[in-house]
Amino acid sequence: MMKVVSLVGARPQFIKEAVVNNAVRQQNAWQHILVHSGQHYDFNMSGAFFEELGIPKPDHYLGVGSGSHAAQTADALIKFEDVLRSEKPDLVMVYGDTNTTLAGALDAAKLHIPIAHIEAGPRTYNKLFPEEVNRVLTDHISDYLFACTELNVQNLAKEGIVKGVYNTGDVMYDLYLKMQPKLNPEAEMEHFGLKHNGYVLATIHRDFNTDSKERFESVLKGLNTIAKTQNVKVLYPMHPRARKTAKQFGLSDLLKDLIITEPVGYLELMSLLQECRFGVTDSGGFQRECYWAKKRAMLLMPQGWQEITDTGWHLLENDVTTLNWEEKTTELLQEMPYPGSIFGKGNAAEKIVREIQANAL
Ligand code: UD1
Ligand code: UDP
């Protein structure tokens with residue numbers, strides 16, 4: 001039986017692994033060895049997802065933790081190499097665009113082990129995003145490139161990558177659909193004292209927003225403006241990176257009129273998403289989830305998923321220091337027809353497993 005080593009380490013990767021892992025187990029497709037780099041380690045950034053999404057306990061935990069890009073990537077690189085040398089897999093699976101992804105792909109390439117990259121092909125063409133560097137490099141050394149959309153396939157082709165490319169749709173969309181029966185918006189709203197359509201859901205954690213005092217202050221002031229001018233609550237589950245810098249920059253006063261919580265679980269977040277008025281985010285995953293829930297969002301970033309922003313459904317607002325938040329919110333609240341399905345049919349994980357089985361044996 002073929003052996004696959006799957007490497008995860010950060011919150012978005014647990015979510016993607018949950019779906020693929022389930023498909024592998026259901027089809028008894030191969031021996032699946034799960035490795036956790038330890039890039040994310042707080043219970044609400046890691047363990048909670050394993051519990052609620054039923055992901056099996058990792059076979060190896062590398063304990064990489066936090067650090068500079070170099071320190072984090074290098075530690076994962078060294079420790080994951082040991083795992084590959086002992087496990088001797090037929091294939092390595094990596095997800096998305098984190099430092100864990102790059103380390104895993106680089107190790108596998110140097111040991112001549114074929115690589116499957118899930119979520120291959122998104123491009124911002126902006127190297128200021130560490131994620132752009134990670135995904136471009138990973139794509140160029142991968143053997144199987146599983147893309148979420150047709151545009152991602154085209155992006156790869158522009159860089160000469162055509163072999164091993166499959167447009168499977170997005171595994172996160174699979175999970176979103178699969179988890180619908182488990183959502184409980186009423187209970188979650190009650191927990192936070194919220195009412196249907198009476199709140200905005202914010203997730204803001206990316207380095208370009210939270211590591212600059214000027215930008216982060218503008219973003220938090222913007223959230224306060226939204227709360228006041230729209231007479232809504234703003235619920236902001238805060239990533240530990242954002243919580244730390246808000247404190248360090250002395251911005252705590254700007255949090256007191258918002259509902260601030262620790263990061264919430266996947267089912268909680270998806271439940272809350274169903275009944276919110278709109279989203280405010282810089283998350284790659286959450287902007288897609290907003291789209292699937294037919295909620296519009298303000299994206300506080302230079303580029304988002306172009307497939308969505310091109311339709312005008314989400315508004316791309318990078319100039320957070322000069323943004324007229326009231327005007328933008330009014331624009332966002334205008335009715336518009338839903339542009340329709342972009343991220344596949346909800347069977348991406350099955351397709352990935354099938355393609356690997358058909359080609360890698
Ligand atoms: C990483 C990804 C980013 C993704 C995000 C998802 C890279 C380059 N970036 O960013 O693409 O959007 O994960 O959530 O890989 N921290 C804790 N506890 C934790 C994890 C992090 O306190 O469990 C704090 C530490 O202070 C750490 C900081 O958050 O230094 C940043 O964590 P890190 O993993 O370096 O990057 P993310 O911002 O999470
Ligand atoms: N998420 C969650 N709770 C939170 C914030 C995020 O469950 O408090 C989930 C959500 O499904 C999101 C995913 O984690 O799509 C990825 O998160 P994140 O925004 O951290 O990473 P990115 O998608 O930007 O890489």
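Order of appearance sets the numbers: ligands from 1, and atoms from 1 within every ligand. Since the structure is predicted, the reported quantities are computational estimates derived from the model, not experimental observations. We're numbering straight along the sequence, starting at 1.
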Contact check: Gly284 vs ligand 2, nitrogen or oxygen atoms, below 3.5 angstrom |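 Yes; the residue has a nitrogen or oxygen that sits under 3.5 Å from a nitrogen or oxygen of the ligand.
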Purely on distance, is any nitrogen or oxygen of Arg11 under 3.5 Å from one on ligand 2?
->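 Indeed, backbone or side chain, Arg11 has an N or O that close.
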Is the backbone N or O of [Y] less than 3.5 Å from a side-chain atom of [X], with the two atoms forming a donor-acceptor pair by type?
X: Asn224; Y: Leu254; value: yes
X: Thr101; Y: Tyr95; value: yes
X: Arg288; Y: Gly284; value: yes
X: Tyr338; Y: Tyr291; value: yes
X: Arg277; Y: His196; value: no
X: Ser46; Y: Asp42; value: no

With a cut-off of 4.0 Å, which atoms of ligand 2 are near a heavy atom of [X]?
X: Pro237; value: 8 (O)
X: Met172; value: 15 (O)
X: Gly265; value: 7 (O)
X: Phe286; value: 15 (O)
X: Glu289; value: 10 (C), 11 (O), 12 (C), 15 (O)
X: Tyr266; value: 7 (O), 11 (O)

For [atom], what is the closest protein heavy atom, and at what distance to 0.1 Å?
atom: atom 23 (O) of ligand 2; value: Gly285 N, 2.7 Å
atom: atom 1 (C) of ligand 1; value: Gln39 NE2, 3.8 Å
atom: atom 6 (C) of ligand 1; value: Pro12 CD, 3.5 Å
atom: atom 1 (N) of ligand 2; value: Leu269 CD2, 3.5 Å
atom: atom 27 (C) of ligand 1; value: Ser66 OG, 3.3 Å
atom: atom 14 (O) of ligand 2; value: Ile15 CD1, 3.3 Å
atom: atom 4 (C) of ligand 1; value: His205 NE2, 3.9 Å
atom: atom 2 (C) of ligand 2; value: Val264 O, 3.5 Å
atom: atom 9 (N) of ligand 1; value: Glu131 OE2, 3.5 Å
atom: atom 35 (O) of ligand 1; value: Gln72 NE2, 3.4 Å
atom: atom 21 (O) of ligand 2; value: Pro12 CG, 3.6 Å
atom: atom 36 (O) of ligand 1; value: Arg241 NH2, 3.7 Å

Can you spot which of Leu255, Ile204, Leu258, Thr203 makes a side chain to side chain contact (heavy atoms under 4.5 Å, CB included) with Met238?
->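 When side chain to side chain contact (heavy atoms under 4.5 Å, CB included) is applied between Met238 and each of Leu255, Ile204, Leu258, Thr203, only Leu255 qualifies.
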Given Thr311, Ile308, Asp310, the one that forms side chain to side chain contact (heavy atoms under 4.5 Å, CB included) with Pro339 |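 When Thr311, Ile308, Asp310 are each tested with Pro339, the side chain to side chain contact (heavy atoms under 4.5 Å, CB included) holds only for Thr311.
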Enclosure of [X] [atom1] (heavy-atom neighbours >12, cutoff 6.0 Å):
X: Lys3; atom1: NZ; answer: yes
X: Glu190; atom1: CD; answer: no
X: Lys233; atom1: NZ; answer: no

Sub-4.0 Å atoms of ligand 1 with respect to non-hydrogen atoms of Arg206 =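 It comes down to these atoms of ligand 1: 12 (O).
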Does His205 come within less than 4.0 angstrom of ligand 2, counting non-hydrogen atoms of the residue?
->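 Yes; His205 lies near enough to ligand 2 that a heavy-atom distance drops under 4.0 Å.
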Considering only heavy atoms, which of [options] lies nearest to [atom]?
atom: atom 19 (O) of ligand 2; options: Ala10, Ala48, Ser283, Pro263; answer: Ser283
atom: atom 8 (C) of ligand 1; options: Leu102, Thr245, Asp42, Asn99; answer: Asn99
atom: atom 17 (C) of ligand 1; options: Tyr41, Phe129, Phe43; answer: Tyr41
atom: atom 39 (O) of ligand 1; options: Lys244, His40, Met45, Arg11; answer: His40

Out of Gln72, Glu131, Gln39, which residue meets the side-chain hydrogen bond (donor to acceptor under 3.5 Å, both in side chains) rule with Asn99?
->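 Of the listed options, the one satisfying the test is Gln72.
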When Arg123 is tested against each of Glu159, Gln154, Gln306 for side-chain hydrogen bond (donor to acceptor under 3.5 Å, both in side chains), which residue passes?
->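 Going through Glu159, Gln154, Gln306 one by one, the side-chain hydrogen bond (donor to acceptor under 3.5 Å, both in side chains) with Arg123 is satisfied by Glu159 alone.
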Any N or O on [X] sitting closer than 3.5 Å to an N or O of ligand 1?
X: Thr98; result: no
X: His239; result: yes
X: His69; result: no

Heavy-atom gap Arg243 to ligand 1 smaller than 4.0 Å =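 Contact check Arg243 vs ligand 1: negative.
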Using 30° and 60° as the class limits, which term best fits the ring planes of Trp292 and Tyr176: parallel, tilted or perpendicular?
->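 Ring orientation of Trp292 relative to Tyr176: tilted.
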Compute the centroid of each ring, for Phe14 and then for Phe50, and state whether the two points are separated by less than 6.0 Å.
->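 Yes, the ring of Phe14 comes within the 6.0 Å limit of the ring of Phe50, centre to centre.
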Give a yes or no on whether the ring-centroid distance for Phe80 and His60 is below 6.0 angstrom.
->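 So the answer is no for these two rings.
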Rounded to the nearest 0.5 Å, what separation is found between the CD1 atom of Ile33 and the CG atom of Asp59?
->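 Result: 4.5 Å between the selected atoms.
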